[in-house]
Amino acid sequence: MAHGPKPGFTRWLYTTNHKDIGSMYLWFSFAMFLLGGCMALVIRAELFQPGLQIVQPEFFNQMTTMHGLIMVFGAVMPAFVGLANWMIPMMIGAPDMALPRMNNWSFWILPFAFAMLASTLFMEGGAPNFGWTFYAPLSTEYAPPSVTFFIFSIHIMGASSIMGAINIVATILNMRAPGMTLMKMPLFVWTWLITAYLLIAVMPVLAGVVTMMLMDIHFGTSFFSAAGGGDPVLFQHVFWFFGHPEVYIMILPAFGIVSAIIPTFARKPLFGYSSMVYATASIAFLSFIVWAHHMFTVGMPIAGELFFMYATMLIAVPTGVKVFNWVTTMFRGSMTFETPMLFAIAFVILFTIGGFSGLMLAIAPADFQYHDTYFVVAHFHYVLVPGAIFSITAGVYYWLPKWTGHMYNETMGKVHFWLAFIGLNVTFFPMHFVGLAGMPRRIPDYALQFADFNQIASVGAFLFGAAQLVFLFNVVRTVRGGGKATDEVWENPQGLEWTVPSPAPYHTFSTPPAVR
Amino acid sequence: MWNISGVNVGQTPVFRNSQRLLQGFAILLVTALRPKRTSICCVAGPLQCDRRKAARENNKYGDLQAMLMGLKRLFAFLFLSILTPMTFAQQAASEAVGDAVGEAERWGVNMTQGVTEVSRTTYDLHMLIFWICVVIGILVFGVMFYSMWRHRKSKGYQASQFHESTLVELAWTIVPTLILIGMAVPATKTLYDIYDTKEADLDIMITGYQWKWKYDYLGSDVSFFSNLSTPQAQIHNELPKSENYLLEVDEPLVVPVNKKVRFLITANDVIHAWWVPDLAVKKDAIPGFVNEAWTRIEEPGIYRGQCAELCGKDHGFMPVVVKAVPEDEYHSWLNERAAAAARIKELTNKTFTFDELYARGEKVYNSTCVACHQANGQGVPGAFPAIAGSKVATGPMDGHLSMVVNGSSKNPAMQAFGAQLSEVDIAAVITYQRSAFGNNMGDTVQPIDILNFKNK
Amino acid sequence: MATESSYYVPEQSRLPIFATIGLFLTAFGAANWINGGSAYIFFAGALSMATVLWFWFAAVIRENMAGLNSVQLKRSYVWGMGWFIFSEVMFFAAFFGALYYIRTFALPWLGGEGDRGSSNMLWEGFQNTWPLMVTPEQAVSGESAKVVGPKGIIDPWHLPLLNTFLLLASSVTVHIAHVFLKKNKRQAFNLWLGITVVLGAAFLYFQIEEYMEAYKHLGLTLESGIYGTTFFMLTGFHGAHVTLGTIMLLIMLLRSVIAHHFKPDDHFGFEAASWYWHFVDVVWVGLFIFVYVLGA
Ligand code: HEA
Ligand code: HEA
Ligand code: CUA
Ligand SMILES: [Cu+2]
């Protein structure tokens, strides 16, 4: 049979193996999640009471900015790429990723890029403090000097994402086992194919916009300055042309994971497979023409306002199709509720709640009241935390026995789930209230009437954080030992990954499997 | 190089605060972990303890029955976990908030209905979408919970294998689309209304600065800045917080009721957003561009809002206060302001004593300069230089004049205050800076010198 | 070596981690340099990047010559290059989009037209024209303005037109070279590829000429308001791509002349470079129309 991994740390440095690279992505992502989470805890601790207690406003802004950037680019995206690396070759019956060396390169760029980003915290003038959306001219003329390092770290992060995405496209289109037609691919593969296209299309635009910033800051151009004929709002258009598809980059693979888990534990095939595929594609398409819903208050002409409002509302339709399909998959199934399923169910419920608040935000005249308040913060944490993070967690529990050959501790998994579920709702639900009552986002101190809910949210945040420690403990334990997992792990799950032994051999499909 | 300057541990409230936070957190943790111990049975009742054991024996993996018991515990737990922080919140907030805010205002959960027609239509729209979402949610989650209840393996339910139906797919594409159209119609109407800035009775230019607002009453000489008036001591927890903590300014915007007021909104440095929830007006203030918005306030009163776009360090400290008054009161106020502006102009030719300038300068400093250079004149290392011992403030007068009147050529944050402050105020603040914070220069500069400097 | 599979997966590779270090040094060094630090880190990074790439491509070529690369694996390279070019298209799209936005929305508003026309009150006397010779700031503060518009602009019908011919011709010549390669006419291939490289270099020469003219005589610089900004950013990035493309083609030429690489039915390295070249060419046509002709 094939070779096993090389001993020592060069295994990780030089590896071309999709499983090794997938593991590195996942561990890196978790480290970033803890780092970004600690920053969130600084934010929440400061917001525990009105008045300035723990940090000064400048530092608070740096925390908010770094928290957003690290969570989005460091935690969620690499986690999905890690899962893609592990699962896509196994799901389509490929020997490895299409371009294995480039795969390693894509990964290793990330720790360096984030080291560079994090180093700005220690620079003169502090880290980026202009929000993860870095609107000009706060991020250009008025930025701390560290902005240059921020720009270049975005550049290489983008290079990593583009290479990762190209690799995934090439793998899916070129490496499927004979008989694995497109419409037989698991939904996780489908959603990742579409996500990869989104990445290839929008990461260069992000690179473009940070380049414009760099030129404005250091080379005297006038992209974002009216004095020379430019417009600060131009920044926002280009940024959100990237930024909106970006948020779907953070949710489409999640849809794929959930679409794998729910049928397994409902013991019933996924309802409406092909409509799921079309819905994903429609969401991706629509995501390119809704960007300005983040900019309803910049004073767009009314025609633009209406167009972006209608287009945004439309996204509820294909997303609804997905939700309905999941519910129908559960309907008249034969359900059990292991940890992955618990997370998947919570995903469906809480993501839908986040989607509802998204739809409310899409209504332009109402958004005039919601915009830049904690209502928005509540919205996107509902789609990101129980959305992206829960789906990743569910995926990890679901496939961990396959990866390690060991069964995780179910009780601990449930404890993790309930702690996280409750912590999360205690943290983010009250944010809807303070948002509607008028609390702006990105402020280190607030008026007295918001005090009560903020305190609840802060306590919840610490609870949610603690839950993650349970997760870490459980995963480490499972990696190191524990009950032996069967090859199938679950009861009759669908997909090629369950046809190989647990743990999956280092080289899985050296010869392509037969696909029914 | 280590940027710990921003972190400021060691103030007493920190300890009290983190202590309380930890307390709340600890209680939550304990309650959360308890369900896994037998002791929770004491909360949930001994009966369930047995049932739970039975359930455990029948099923290897946690099945729904166990989960449902879990649910009951969950409710107990939820109750506790929401109640605990609430109690703490109550306690801690009461302490911090004092009697400043009435019970009624606390625990606000919804959007304000406001005091204009637009704000009310916006509110109605918001409630409409909200209820639609609630109904859809109940339906979807209802079906889901029903099948989680009925169709589970532990009840012996056999899975059926259906997995496709074009008809239902079509149905749940079309019905939501129709619902969306139903929402879009009133939304479009409201939007047209909000965008109609024509035929205003009064134009006010609003300019966002880091971190204050400037109001120009177009067609009159009245123009002034509106700064946060909450004292720093309250922000740093050295004094009890006042009722309108962070939502109070030295000079509110005064407008007449029942008149269509058009706002021309722009900014001087970075993007800000002018927002007053009660008027349902939120518009970005973008440097170099002018946005329009309007309102017609129906009831006299004081309406408070905040800057709603991240604009740097003190984004959280630039409130908006609008005072709506009856029309005649508005006119007499306007005339009074115009007269005051004229008086200030006259003062330009007056020669002041050092003490007069120093005292006035202190006021100006504390309203205009303090945000960056700080109350003790120490600035913020790395971002804003200290005035205490500053080379400029203890150097030649011309350099100091130029820095304040023309701003810095290196860093746009240090704005050209020549266009923002009156000659008198500039003279005063410079005099103040040169002698305060241990600078002890003891020299003065007169308003007329400023005027001459400007005209040079 | 995964002999069981027809798909070649290298066992391990040191290349990526070195490439990472090179890329990191380049990026970090560039930021450090721009912020006023020394340039050494940047050059060290760029050098190591170039070295790694050299070895990387050498490895791929070696593997291919050793017959390790199956048809399927070559298809992976095809997909890879194709989608890489698409990502480049999107990069340019950001800048073309910026140009479009400025001309259709921002400038008319500043000039007093349309929904945000009241912006003109801040820039009294400013008029929306394209090319923008007088910036808004200049319209208000005249002499003392920091951002001053250009005195003149590049006439599209001189150097740019010539460059258009050069690039279009080079697209044809590279295609002819490809045809000869497929027919195994080595000499002709080298000749036509050589012509392409010369055309690319000539294009760059004239572009530098044009830039010198702009900077020295026309007052058209990166800093001359939004016209200079969009002009130089679009043409400059394109120029950088032409440079890269020319280097790629030159390397292909050298590979063919010196090392006798490429077979009539197996020459993806050359094909990739030529696709890239066609892409650069298409972008130029866009530039010629939207920046030069419609900008004059
Ligand atoms: C994973 C990430 C993610 C996802 C999936 C979404 C999904 C959606 N988002 Fe969200 N959004 C963010 C991440 C995300 N968002 C982030 C990070 C921000 C803030 C950025 C910043 O400023 O920092 C943001 C901000 C944001 C705004 C700007 C708010 C503001 O700043 O003022 C808007 C406005 O339209 C919006 C809308 C939507 C909509 C309509 C959806 C839709 O896709 C939701 C669709 C889903 C449903 C509607 C639920 C399920 C559907 C049904 C059950 C069918 C039936 C329903 C109906 C017919 C109602 N989002
Ligand atoms: C995927 C993305 C993601 C994720 C997962 C999160 C997770 C969290 N976020 Fe964040 N958030 C964003 C994306 C995300 N966020 C973005 C994009 C913004 C906007 C930024 C901007 O405005 O520019 C934002 C902004 C934002 C704000 C608003 C800040 C402001 O406007 O000033 C707040 C405030 O509460 C917040 C809180 C939290 C909390 C409490 C979590 C928690 O879920 C975090 C939980 C994790 C941990 C706590 C760490 C793990 C645990 C340990 C290390 C153990 C130690 C801890 C204990 C023992 C307690 N986030
Ligand atoms: Cu001004 Cu925020
Ligand atoms: Cu969006």
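Here is the naming used below: chain letters follow the sequence lines, and residue numbers restart at 1 for every chain.
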Ion pair check, A/Arg11 and C/Glu11, cut-off under 4.0 Å = no

Side-chain (C/Tyr227) to main-chain (C/Leu220) donor-acceptor, under 3.5 angstrom = no

Would you confirm whether C/Ser141, through its side chain, and C/Gln138, through its main-chain N or O, come within 3.5 Å as a donor-acceptor pair?
-> no

Partner set under side-chain hydrogen bond (donor to acceptor under 3.5 Å, both in side chains) for C/His238, not counting sequence neighbours = none

Given the options A/Asp20, A/Leu206, A/Leu99, which has more heavy-atom pairs under 4.5 Å with chain C than any of the others?
-> A/Leu99

Turns out that what part of C/Leu15 lies under 4.5 Å from chain A's heavy atoms comes down to side chain

Flag the pair A/Trp291 / A/Phe242 as yes when their ring centroid distance falls below 6.0 Å, and as no otherwise.
-> no

Side chain / backbone / both / neither for A/Ile302 at chain C, heavy atoms under 4.5 Å | backbone

Contacting moiety of C/Leu222, where chain A heavy atoms sit under 4.5 Å = both

Chain C: which of A/Thr221, A/Asn174, A/Thr148, A/Thr16 shares the most heavy-atom pairs with it under 4.5 Å?
-> A/Asn174

Comparing C/Met233, C/Glu223, C/Lys146, C/Arg14 against chain A, the one with the most heavy-atom pairs below 4.5 Å turns out to be C/Arg14

Residue part contacting chain C, namely of A/Val205, when any heavy atom lies under 4.5 Å = both

Taking A/Gln236 for the side chain and A/Met295 for the main chain, is one N or O donor matched with an acceptor at less than 3.5 Å?
-> no

Under a 4.5 Å heavy-atom criterion, the part of residues 109-119 of chain A in contact with chain C comprises A/Ile109, A/Phe112, A/Met116

Please check if the distance between the ring centroids of C/Trp56 and A/Trp105 is under 6.0 Å.
-> yes

Contacting moiety of C/Tyr101, where chain A heavy atoms sit under 4.5 Å = side chain

Should the heavy atoms of other residues, nucleotides or ligands under 6.0 Å from CD of C/Gln127 be counted, would the total exceed 12?
-> no

Exam field: side chain A/Asp231 to backbone A/Phe224, donor-acceptor pair closer than 3.5 Å = no

So, does A/Arg176 use its side chain to make a donor-acceptor pair with the main chain of A/Ile172 at under 3.5 Å?
-> yes

For residues C/Trp83 and C/Phe86, establish whether the separation of their ring centroids is below 6.0 Å.
-> yes

Contacting region of C/Phe18 [heavy-atom separation from chain A under 4.5 Å] = neither

For this output row, return yes or no: ring centroids of A/Phe235 and A/Trp240 closer than 6.0 angstrom.
-> no

Options C/Leu23, C/Thr135, C/Ile226, ranked by heavy-atom pairs under 4.5 Å with chain A, top entry | C/Ile226

Has the side chain of A/Thr140 got a donor or acceptor atom that lies under 3.5 Å from a matching backbone atom of A/Asp216?
-> no

Side-chain donor/acceptor of A/Thr508 to backbone N/O of A/Met90, under 3.5 Å = no

Looking at A/Met175, A/Met300, A/Met203, which has the largest count of heavy-atom pairs under 4.5 Å with chain C?
-> A/Met175

Identify which part of C/Arg116 has an atom lying under 4.5 Å from any heavy atom of chain A, answering side chain, backbone, both or neither.
-> side chain

What part of A/Pro100 gets closer than 4.5 Å to chain C, counting heavy atoms only: side chain, backbone, both or neither?
-> side chain

Under 4.5 Å heavy-atom distance to chain C, tell me which part of A/Leu234 shows up: side chain, backbone, both or neither.
-> both

Quick one: what part of C/Ala30 sits under 4.5 Å from any heavy atom of chain A, side chain, backbone, both or neither?
-> both

Would you mind telling me which of C/Asn35, C/Leu110, C/Ile102 has the largest number of heavy-atom pairs within less than 4.5 Å of chain A?
-> C/Asn35

If one checks every heavy atom of A/Phe241 against chain C at 4.5 Å, the contacting part turns out to be side chain

Option in A/Ala159, A/Gly299, A/Ala94, A/Ala201 with maximal non-hydrogen atom pairs under 4.5 Å from chain C = A/Ala201

Assert top hit (heavy-atom pairs under 4.5 Å, partner chain C, pool A/Pro301, A/Ala196, A/Ala170) equals A/Pro301

Would you say A/Asn104's side chain and A/Thr15's backbone share a donor-acceptor pair under 3.5 angstrom?
-> yes

Any donor-acceptor pair under 3.5 Å linking the side chain of A/Lys19 with the backbone of A/Tyr506?
-> yes

Turns out that what part of A/His155 lies under 4.5 Å from chain C's heavy atoms comes down to neither

Structural part of C/Asn128 lying under 4.5 Å from a heavy atom of chain A | neither

